[in-house]
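All remarks here apply to the structure that follows.
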Amino acid sequence: MERYEPLKIEQKWQKIWEETKPFKATEETGQPKMMLAEMFPYPSGAGLHVGHVRNFTIVDVLTRFYTQQGLNVLRPFGYDTFGLPAENYAIKTGTAPQEVTKINITNFRKQAKRLGYAIDWGREINTSDPEYYKWTQWCFLQLYKKGLAYQKESYQWWCPEDQTVLANEQVENGKCWRCGHEVEKKKMKQWFFKITEYADELLEEIDNLEWPEKIKTMQKNWIGRSTGAEIDFEVVGGAPRITVFTTRPDTIYGATFLVVAPEYTALDSLLTDDTREKVLDYKATALKKSEIERQENKEKTGVFTGSYAINPATKEKIPIWVADYVLAGYGTGAIMAVPAMDDRDHEFAEKFDLPIVETELCDRDLFGTPKTTYRMRDWLISRQRYWGCPIPIAYDKDGNPHPIPEDQLPVLIPEVDDYKPDNSGRSALAKAKDWLKVTIDGEEMTRETDTLDGYACSSWYLWRYASPHDKDAAWDQDAIKYWEPVDYYCGGDHAVAHLLYIRFWCKFFADEGYLPFREPIKRLLYNGYINAPDGKKMSKSKGNVIDPLDVINDGYGADTLRTYEMFIGPYDQDAAWDPRSVGGVYRFLNRCWTLAFATEYSKEDKTINIRHKTIKKVTEDIHRYNFNTAVAALMEYVNELYKIGATTEDVVILAKLLKPFAPHLTSEMLEKLNTNDEWPKWDEKYLVSDTVEVVVQVNGKLRAKLSINQADLSDEEKITQLALSDEKVKKYTDSGVKKTIFVPKAKILNIVI
RNA sequence: GCUCGGAUGGCGGAACUGGUAUACGCGUUCGACUUAAAAUCGAAUGGGGAAACCCGUGCGGGUUCGAUUCCCGCUCCGAGCACCA
């Protein structure tokens, strides 16, 4: 008798799939289409980790499920390769990031193939490939042409360690998301994408998406729309008037002072000779103050500017203060303080002994003009780093920006000897002296040395999948129309950043006529993390990392690894790795193997009911993404087949239903049984049995069980009589029966005494 | 502080619109096979009790014939946001 040898079987089928390319997708069939993708990985030197496996396997289960149901399925794959790890490695070792990336991709591809994924490998994409980033630059130029990519001098988060600017969402607890160094504010001229232009649509269309509520709420909060009014305050002495934003214009009678942010543009005009030094000193301190300090110490600080404004409602003279509890980037950077209504203003007034006046509310529209503001800021895309997509811009001798003509794309990343950024505020691209020079329309110009935030590269890759080798366009109109929007997108990160940016680009390119839809992702599955057996996050330093390739090579094989990660718990919850449960799943697959290859098939079909029940359960569970209970149902089925005896049909059905999870083993089974993998259907008539069990409760507590003919289930009187004459029930009904309630659907009879 | 999740045996987790709580897996115990072990197969397994029974889904109330599920009020844990006027 042969034993189940996963590694042997898996090698065999992976070779067959490599040669016959069964997962190659084309637009030419008449069946409905289905496109699925995971958030493409950053191919790190460490290779695949168990989190990737969970993410990719969810997509693979759905891919194979829908393929077996006859849909025309596309499941592509790609690599998000720009970024700091490859660049930092280059700085340390002198190895070009291009080289490291190539090695890492090769390793990633090899590992993904060992998991048996149903990927159309002909559609691989890589964001740092010039063939790809040529079109990232093209996308940039389209946004630039419409004024949605623009430059602005402003205070930005700066990481002194990585020597680069960071976007708001790349600052975590006041620290750089990559190196963990404390960030600071620095005034610089930077590139932005005007995502705020689409704030309303991004907000309003969230409700129509089949996305997890958690993500939808996070995006809504991130956009943070609030409605209020802008109110002008005249400044005594003729300085420019101050416009404030407030959500409570009706409280204006209680506004006893104004506060402007330290970065407020017209701050200088408010200062007097007496206050100038003190205020500028305060401003300098506030700007230096790290985000950490601000968070740990929310004690109000501030100084009087020396100027007064006139409250348009009370006509009173009120002082103008500067304080860092007012944020420059929100509203107008200035507020009217109503200490009687607002806790923060109250705290400030108490501390600095400013008047607190109780106020009657007035009409909201009396003194201001209605205004809507957003917490979301424009997307900062400049990075002073080498390993990114060069921004296709050049400057003339007066410093004015000009787009690089589209026929000169791609702007290739130049080769340099030293990848290290410096504190000049320019990337290592500035070291490529020859590359810097460019001629546009006969004029000598200097190239932009900033590169694009990696999120720009991932903001359109789902569309590249439709025509990955297109030389004439970023994406082919017909292919896009056929395959997209993406039906299922799966990942466990980037709830606001990437998933908001890709929606923004989609709306922009729809407006430009390049896309026939306004939302790129129909359904989003947001999977949980897999933690170490000790429940903690896996990390190299803690030494608790589980390597998926080790699990395979230890003899369990890819099918066990895949099936285990689907069985580990609900896909959207975090889970802890349990090495012993892996063994349990292996035993289950071993039993499947035994049923197919080492058991005499039963001639008598005693399992038809459970067979149909299992088909229904597994089908519905996969539709609901309840992968863990789908596997549990298959385990139950196998346990029953061991007890009762399996027919050939049972083993066929088992193999078909298990194939999305364990494709190698089941391909072997189906080959032996000489049958296809077409998804089976259940017949409702086999789901009902001749006799059913009716539960008898007394006051809601289970007291007896009756076996009733299916036909009698509608006869309430008969069932009630049977129940009341039951010995066990009689013990409780001596004192009389008040009423009985029979629920046929639940097959339950409750006797109330 | 605000928003959103979550709490079920020794452990991970089931229970679809209120209807037999603990499916499935792990662990544990016993048995079969074996010279022995592993592997495999079978049985038992929420707590208390000799039993009849009683108690059990974080805590306290409520609605209901019936609540893990719905409502009100808490506690604890996790995630995200965080001086957004």
Side-chain angles (χ1 to χ4, degrees), chain A residues 3 169 172-173 212-222 224-226 228 244-249 251 255 259 291 294-295 298-300 323-327 329-338 341-345 347-348 373-377 495-496 528-529 533 535 564 567-570 572-585 587-588 590-591 594 598 617 620-621 624 626 628-639 642-643 693-705 731 738-743 745-753:
Chain A
R3 287 177 51 239
E169 46 277 38
E172 294 167 353
N173 296 321
E213 285 307 315
K214 184 173 96 177
I215 309 299
K216 296 210 251 186
T217 311
M218 279 168 76
Q219 292 212 350
K220 281 182 195 171
N221 292 342
W222 185 264
R225 179 162 74 184
S226 56
V244 305
F245 171 75
T246 177
T247 52
R248 297 295 306 275
T251 65
V259 189
E291 190 72 354
R294 284 203 190 196
Q295 274 168 6
K298 284 188 179 172
E299 175 115 1
K300 297 281 177 293
D324 67 1
Y325 84 92
V326 174
L327 307 175
Y330 183 76
T332 60
I335 63 154
M336 64 175 204
V338 185
M341 298 295 293
D342 185 281
D343 290 344
R344 295 153 303 183
D345 297 344
E347 193 192 328
F348 193 80
T373 59
Y374 304 87
R375 297 171 84 110
M376 181 172 68
R377 317 289 152 85
V496 283
Y529 291 111
Y564 169 65
F567 183 64
I568 196 167
D572 55 352
Q573 270 174 38
D574 291 353
W577 189 269
D578 180 0
R580 291 191 292 207
S581 283
V582 178
V585 170
R587 279 190 280 280
F588 161 63
N590 204 357
R591 281 158 77 86
T594 304
K617 172 81 175 148
E620 292 182 346
D621 275 353
R624 291 192 289 252
N626 293 341
N628 55 330
T629 52
V631 174
L634 288 166
M635 288 172 166
E636 222 172 320
Y637 184 37
V638 166
N639 292 345
Y642 260 67
K643 269 185 222 152
E693 191 180 67
V694 169
V695 167
V696 183
Q697 297 179 330
V698 178
N699 279 357
K701 287 197 171 175
L702 171 68
R703 295 302 178 193
K705 289 175 180 179
K731 277 168 44 187
K738 267 193 208 144
K739 63 170 170 174
T740 59
I741 290 149
F742 180 58
V743 187
K745 206 182 155 193
K747 287 173 274 179
I748 214 157
L749 176 77
N750 195 11
I751 300 167
V752 186
I753 56 167

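Order of the sequence lines sets the chain letters (A, B, ...), proteins ahead of strands, with each chain counted from 1. Excluded from the calculations below are hydrogen atoms, water molecules and symmetry mates; all remaining heavy atoms, backbone and side chain alike, are included.
Atoms CZ (A:Arg591) and P (B:rC24) sit 11 Å apart, rounded to a whole Å. Between A:Lys214 atom NZ and B:rG5 atom P there is a gap of 11 Å when expressed in whole angstrom units. As a whole-Å value, the separation of A:Ile748 CD1 from B:rU64 C1' is 14 Å. Atom NZ in A:Lys216 sits about 14 Å away from atom P in B:rC4, given to the nearest Å. In this structure, A:Asp621 places its CG atom 15 Å from P of B:rC24, rounding to the nearest Å. Regarding A:Arg225, its CZ atom lies at a distance of 19 Å from the C1' atom of B:rC81, rounded to whole Å. Regarding A:Lys617, its NZ atom lies at a distance of 10 Å from the C1' atom of B:rC24, rounded to whole Å. The distance between atom CG of A:Asp572 and atom C1' of B:rG78, rounded to the nearest whole Å, is 14 Å.
Proximity of A:Asn628 to the phosphate of B:rA14: a side-chain N or O atom is located under 4.0 Å from OP1 or OP2. A sub-4.0 Å separation between OP1 or OP2 of B:rA85 and a side-chain N or O of A:Ser226 is present. Considering only side-chain N and O atoms, A:Lys300 lies nowhere under 4.0 angstrom from the phosphate OP1 or OP2 of B:rA85.
Distance check on atom C1': B:rA14 versus B:rG9 gives 13 Å, rounded to whole Å. Rounded to the nearest Å, the gap between the C1' atom of B:rC16 and that of B:rC71 is 22 Å. Taking atom C1' in both B:rG27 and B:rG62, the straight-line distance is 40 Å, to the nearest Å. B:rA21 and B:rG13: their C1' atoms are spaced 13 Å apart (whole Å).
Residues satisfying the salt bridge (charged side-chain N to carboxylate O under 4.0 Å, His left out) test with A:Arg624, not counting sequence neighbours, are A:Asp621.
Heavy-atom nearest nucleotides on RNA chain B were determined for A:Glu620 and for A:Tyr642, and the one closer to the 5' end corresponds to A:Glu620. Nearest-nucleotide positions on RNA chain B place A:Glu693 closer to the 5' end than the other of A:Glu693 and A:Lys643.
When the nucleotides B:rU20, B:rA23, B:rA85 are ranked by their closest atom to the side chain of A:Ala632, B:rA23 comes out on top. Of all nucleotides listed (B:rC24, B:rC54, B:rG19), B:rG19 comes nearest to the side chain of A:Asn750. Across B:rA85, B:rG19, B:rC65, the shortest atom-to-atom separation from the side chain of A:Ala746 is found for B:rG19. For A:Gln573, the listed nucleotide lying nearest its side chain is B:rG13; candidates were B:rG13, B:rC4, B:rA85. Taking every side-chain heavy atom of A:Arg703 into account, B:rC54 is the closest of B:rC55, B:rC54, B:rA14.
In B:rG9 the O4'-C1'-N dihedral to the base is within 90° of 0, which defines a syn nucleotide.
Taking only distance into account, the side chain of A:Gln697 never meets the base of B:rU20 through a donor-acceptor pair shorter than 3.5 Å. For B:rU3, the base has no donor-acceptor partner in the side chain of A:Lys220 [N/O atoms by modelled type, under 3.5 angstrom]. For A:Lys738 against B:rC65, no side-chain N or O and base N or O form a donor-acceptor pair under 3.5 Å.
With hydrogens and angles disregarded, a donor-acceptor distance shorter than 3.5 Å links the side chain of A:Tyr564 to the backbone of A:Asp578. Looking at A:Asp345, its side chain does come within 3.5 Å of a backbone N or O of A:Val338 through a donor-acceptor pair. Put simply, the side chain of A:Asp342 never gets that close to the backbone of A:Ala337: no donor and acceptor are under 3.5 Å apart.
B:rC74 and B:rG58 make up a base pair, with Watson-Crick or G-U wobble contacts both under 3.5 Å. With a cut-off of 3.5 Å on both Watson-Crick or G-U wobble distances, the partner of B:rU68 is given as none.
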Notebook entry, point to check: Please walk me through it: do A:Met635 and A:Val585 pass side-chain contact (heavy atoms from CB on, under 4.5 Å)?
Noted result: CA-CA 9 Å; A:Met635 288 172 166; A:Val585 170; 4.3 Å; yes
Notebook entry, point to check: How does protein contact run along nucleotides 25-30 of chain B, one letter per nucleotide 5' to 3', with B for base contact, S for sugar-phosphate only, - for none, heavy atoms under 4.0 Å?
Noted result: SSS---
